[in-house]
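Below is one structure, written out as structure tokens; the observations come after it.
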Amino acid sequence: MNWTTSIILNFISCYILLSVIIHVCIAAISIIKTKYYYNKNSFTDYNTLVSSSNAPNISVITVAYNQTDIILNNVKQLLSTHYNNLEIIIINNSNSDNVLKELIDTYNLQPVNVFIDSKIPTEKIKTIYKSKNPIYKKIIVVDKPKTNKADCLNTGINIASSKYITHINSNCILEQDAILKLLQPFLEETTQKIIATGGIIQTKADTTSTPQTFLKKVINNTLVLKHSKTLLLEYMGGTKLNELLFSSGLFMVFDKKTAIESGGYTSEKTGEDIELIMRMRRYMQQNKTPYKVVFIPENLCCKKEEPNIKNLISKQSSWIFKLLESFNSHKKIFFNRAYGSLGLFNYPYWLFFKFLVPFFKGVIFTYLIAISLLGQVSWELVFNLFILLYSLKIIHSFIAILTEIIIQDQHHNNYSISKKIATAILEPFVLNPISIISFFKGSFQYIKRK
Amino acid sequence: MYLLNLLFFLSLYFSAILLVTMVFFSYANKRKKNRYLSWDKETNHLINEYLFAEKNRVIELSENVKELSKTKPFRDFIAKKIIIAVKTFSGETTRNLKKLYLLLKLNEDTLYNSKHVFWYLKARAIRNAGIMKLDNFHDIIFENTNHKNDLIRIESQIALIRLIGFDGLKFLNIITYPISEWYQIVLLKELKVLDPDHFKGIKFWLKSYNKSVIIFALKLIGSFHLFDFYTDTQKLLQHKNKKVRLQAIQSISKIFKETTATELFAIFDKEPIENKTAILKEISKFKDPNTIEPLLKLLHSENPSLKTKIAKTIITVDKNGIALLEKQSGANAHPLNTIISQLKEETNS
Amino acid sequence: MKILVAEDDNLIRSALEFRLKKDNHDVTIAVDGSDALKKIEQDIPDIVITDIMMPFVSGLELVGLIKEKYQDRIKIIVLTTMGQEDVVLEAFGLGADDFIPKPFSPNELSVRIKRFSLK
């Protein structure tokens with residue numbers, strides 16, 4: 001073995017060690033926080049808010065695309081939410097007139113003339129509809145010529161009359177008290193300003209449409225496992241550090257005023273919520289106002305999706321694309337002391353220990369195979385390194401499963417432990433190739449776009 | 001390479017250890033679940049008997065229950081059940097359940113836990129003492145109403161109200177921590193169930209240096225319509241904190257007199273947007289024709305988004321509001337013309 | 001009378017069952033909204049007593065679904081938490097026949113059921 005190989009190998013081990021230490025710290029914080037949340041939650045009666053006249057208003061913004069039945073279902077479900085101070089804003093962004101017609105018929109809508117104070121500049125609106133029927137007074141439908149999503153959401157913010165806003169995709173189904181759980185932190189805080197609260201979106205397998213093959217079941221189980229790993233071992237650690245950055249699949253409630261002041265959603269970028277939250281943070285940090293983003297370690301929202309490799313790769317690669325955009329547009333804060341821990345810790349952490357991981361993995365694997373083929377190192381060493389990376393991955397999953405068993409014991413009772421362990425052992429073989437492929441696919445798309 | 005090898009062995013050992021722990025815990029949980037299942041029947045039966053027992057009938061505890069009640073998990077289990085039952089049912093029935101609680105000596109557990117170092121056990125014990133109305137906990141509860149842990153603090157405050165009713169609000173005299181908006185809602189809900197009573201301390205609370213106490217006292221004035229405190233509330237319209245002023249605006253409107261609208265208009269100019277919106281909302285509830293004139297004056301001075309709100313207020317106060325608006329100068333120009341046509345359609349529907 | 005009790009807490013469920021059986025009613029229990037719907041399909045009860053907050057199918061939805069299908073053949077009594085006036089109004093709007101706020105006295109419930117049987 002020559003000295004360059006030895007330096008590189010040492011460098012790799014240092015990286016692994018550092019990564020382990022960081023992940024252990026974050027996991028420890030997460031577990032403690034989650035336990036605290038569950039303890040605290042057992043004291044909270046969310047119904048108090050439902051019945052109170054002092055409950056705050058919230059506007060739910062949803063963008064309608066071409067699938068008529070999905071949007072109708074979504075509105076029906078929002079209307080049945082146990083919360084009265086709710087405003088449902090539907091922005092029609094479909095090609096055909098079908099969706100709008102269907103909405104008008106179902107809810108007895110009629111055009112109204114509304115004066116909009118456009119605090120965030122947007123494209124022109126065609127018509128605004130409200131229902132003649134007082135039962136549906138919560139609904140506002142906005143018809144616009146087809147534009148991008150960010151523009152639709154900004155229109156929603158401009159129209160919203162409530163103090164808080166949230167945006168959900170039309171294929172998401174909210175849990176019954178999701179909104180209550182996300183509003184509560186805003187009311188509870190007395191010292192800092194809360195700019196946003198978030199819960200996680202769970203992807204559930206759509207088992208109705210197609211037959212379940214073994215591969216699909218495995219993929220589905222690995223996704224469930226990955227979900228509980230992020231839920232239990234990562235997100236809460238993120239909130240403890242007051243920095244929930246670039247996280248995917250979140251359902252968030254924003255403080256409207258801050259959202260407007262920081263400029264709303266931007267149309268140049270595709271990652272809507274992560275981009276907005278990033279700008280809100282920067283805005284608060286620039287104004288030196290103490291702020292907080294609160295995360296709730298529960299599944300508040302779920303969406304159905306068919307778990308197959310093709311879907312996964314396209315989803316993850318578009319996510320990589322969005323992240324690249326976000327990293328690029330906020331590169332100013334990288335190791336910038338003016339942004340505090342946001343720049344010194346979080347940005348680098350996300351870049352080196354989350355985002356670039358598939359890249360490193362790909363490079364390390366190819367490098368190792370290459371040098372062992374050249375005979376510079378023994379096959380045994382390469383094999384050991386593989387085993388090491390593999391067992392680290394498994395340990396992470398095992399810790400998540402263990403935490404689930406101990407903390408959430410009272411909350412979930414139907415799971416089989418052996419199935420979970422088997423999934424944990426299989427997971428690296430299923431998800432690793434997918435994440436590596438999607439990383440390169442996503443970054444390639446990004447470079448091409450530029 | 002030492003580092004790599006070390007990491008390699010460590011991770012292998014560690015994953016093996018984790019595997020064993022997982023299996024162990026899942027087994028332990030399964031056993032616990034089965035045990036709970038068998039206790040469930042037993043306790044439900046016992047509680048039902050107590051719940052529906054006729055007056056003065058003494059029910060003996062079965063040997064099995066007596067034996068079980070020596071173990072801590074069972075005691076926690078049955079205490080939880082009794083608490084649920086007391087919260088759901090009312091009247092004579094709960095008195096029987098309190099007898100059961102004392103018979104099983106669960107109050108001793110509550111006492112022990114109320115001094116526990118774990119905050120959630122302590123908070124739960126205090127909550128239980130309040131729900132079961134255990135009078136001898138008064139001092140412990142009162143002491144904790146200004147505890148540094150927010151859950152212990154709020155549970156003590158609620159428990160004190162459950163224990164001695166409106167007198168329990170005496171904690172407002174001593175607390176230095178703020179009461180969050182959420183807990184104000186919780187406290188008000190707790191008070192609503194009680195019969196309205198004298199409010200001894202309000203004057204004192206309105207002068208508190210704890211702003212959240214002032215706001216809460218104002219909320220009390222509003223929700224219980226305490227007309228006697230009109231002048232005190234009016235004074236707070238000039239308070240230097242805008243949140244206090246906002247609550248004063250909302251509370252004074254619940255106990256309003258003929259002069260209230262004028263007083264609200266007097267402060268209108270200086271207030272921030274949220275408070276202005278609140279004033280307009282309250283004025284639209286008064287439906288006093290005398291407010292039209294000052295409202296029309298405001299219509300010309302404010303920014304577009306407030307203009308809409310002012311115009312809406314005018315329409316709710318006066319049925320012929322739209323005609324009035326159309327007569328205004330600038331009614332044909334933007335933004336007033338859009339506002340008027342919007343309001344027209346809204347009133348038609 | 002055939003009564004179906006839909007309530008997610010097992011203690012309250014068993015207490016209601018105990019009390020109503022004392023009055024010689026034929027009591028069926030359901031653990032949540034969807035379970036209740038299934039049991040109603042199998043054997044149509046005279047009265048349904050349901051909690052408002054339940055997992056899967058909420059009490060309000062249950063009220064709506066029952067009244068849509070069986071109209072007045074099934075009477076519905078809703079159990080609510082103190083202070084939920086809006087929810088009560090909504091339940092009445094959907095066709096609920098009576099409501100009882102928690103905490104309630106089981107004897108009061110029994111009296112209200114008697115009133116239905118007299119009608």
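Throughout, a chain's letter reflects where its sequence line sits, starting with A, and its residues are numbered from 1.
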- Task: Could you tell me which portion of Lys87(B) (side chain, backbone, both or neither) has an atom closer than 4.5 angstrom to a non-hydrogen atom of chain C?
- Result: backbone
- Message: Between Tyr101(B) and Thr110(B), is the side-chain hydrogen bond (donor to acceptor under 3.5 Å, both in side chains) condition met? List the steps.
- Response: CA-CA 10 Å; Tyr101(B) 199 81; Thr110(B) 316; 2.9 Å; yes
- Note on the structure: From the list Asn107(C), Leu109(C), Ile12(C), the residue making the most non-hydrogen contacts under 4.5 Å with chain B is Ile12(C)
- Message: I'd like to know if the side chain of Asp8(C) reaches the main chain of Val31(C), judged simply by a donor and an acceptor atom lying under 3.5 Å from each other, with no hydrogens or angles considered.
- Response: no
- Query: Sub-3.5 Å donor-acceptor pair from the side chain of Lys39(C) to the main-chain atoms of Ile29(C), do we have one?
  - Reply: yes
- With no hydrogens and no angle check, do the side chains of Ser110(C) and Asp23(C) hold a donor and an acceptor under 3.5 Å apart? yes
- Which portion of Asn10(C) sits near chain B, non-hydrogen atoms under 4.5 angstrom: both
